[in-house]
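Worksheet for the structure shown next.
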Amino acid sequence: MDRVLLFDVATKCYIATDTESVPTNKYEMCCDMLDLVADVSNIYTTPESFSFYDSKSFSSVHLDNGTVILTKYICNNLTLVCLLQESCLTELGLIEYNIAKFSQGMDDVLKSHFKRRPVK
């Protein structure tokens, strides 16, 4: 994978990535992907459904330059956005497995955090 970012969907701010800074063009591609998912979901969701993302949300877009953008909803309005080369899709099962493990880990961390957080 070229780049993996954890986004807050509401603000389109990435809250985690690797140690390198994210080039503006890649950040903008990720934001455009989040907008695309929201726009398409808006067509197919009911008015009662307030969220465009749920635990089954997984999207991919293939660009002309061989780049693939994957999005996977994690939890609590967080979405993982992966930028990778099309050749990496031969290992899609492994990618999905790693995303599922990351998602479970994030869910465990957030549940643990909210359990210990005192109520005011």
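Just so it is clear, the values below take in all heavy atoms, side chains as well, and ignore hydrogens, waters and symmetry mates.
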field: pair H62-L89: side-chain heavy atoms closer than 4.5 Å
entry: yes
query: Donor-acceptor pair, T17 side chain versus V4 backbone, under 3.5 Å?
result: yes
query: So, for M33 and S59, which heavy atoms are closest and what is the spacing to 0.1 Å?
result: CE-CB, 3.8 Å
message: Between I15 and I99, is there shared hydrophobic-cluster membership here, with clusters defined by ILVMFWY side-chain heavy atoms closer than 4.5 Å?
response: yes
- prompt: Quick one: CG on L78 to OH on Y73, what's the gap to the nearest 0.5 Å?
  reply: 7.0 Å
task: Looking only at non-hydrogen atoms, find the nearest pair between S87 and T90 and report the distance.
output: O-OG1, 3.2 Å
field: Note, V61 side chain near T71 side chain (heavy atom, < 4.5 Å)
entry: no
task: Taking the side chain as every heavy atom from C-beta outward, state whether I69 and C82 have any pair of such atoms under 4.5 Å apart.
output: no
query: If you look only at pairs with a residue in residues 96-105, which of them pass as a side chain to side chain donor-acceptor pair (under 3.5 Å), with sequence neighbours excluded?
result: Q104-D108
Expected list for residues 22-32: side-chain donor-acceptor pairs under 3.5 angstrom, two or more places apart:
unit_1, atom_1, unit_2, atom_2, d
Y27, OH, K12, O, 2.7

query: Side-chain contact, heavy-atom cut-off 4.5 Å: I74 with T79?
result: no
query: If we only count heavy atoms from C-beta on, is the M106 to L6 side-chain gap below 4.5 Å?
result: yes
message: I want to check something: taking the side chain as every heavy atom from C-beta on, are V68 and L70 in contact at a cut-off of under 4.5 Å?
response: yes
query: When rounded to the nearest 0.5 angstrom, what distance separates CG in N65 from OG1 in T67?
result: 3.5 Å
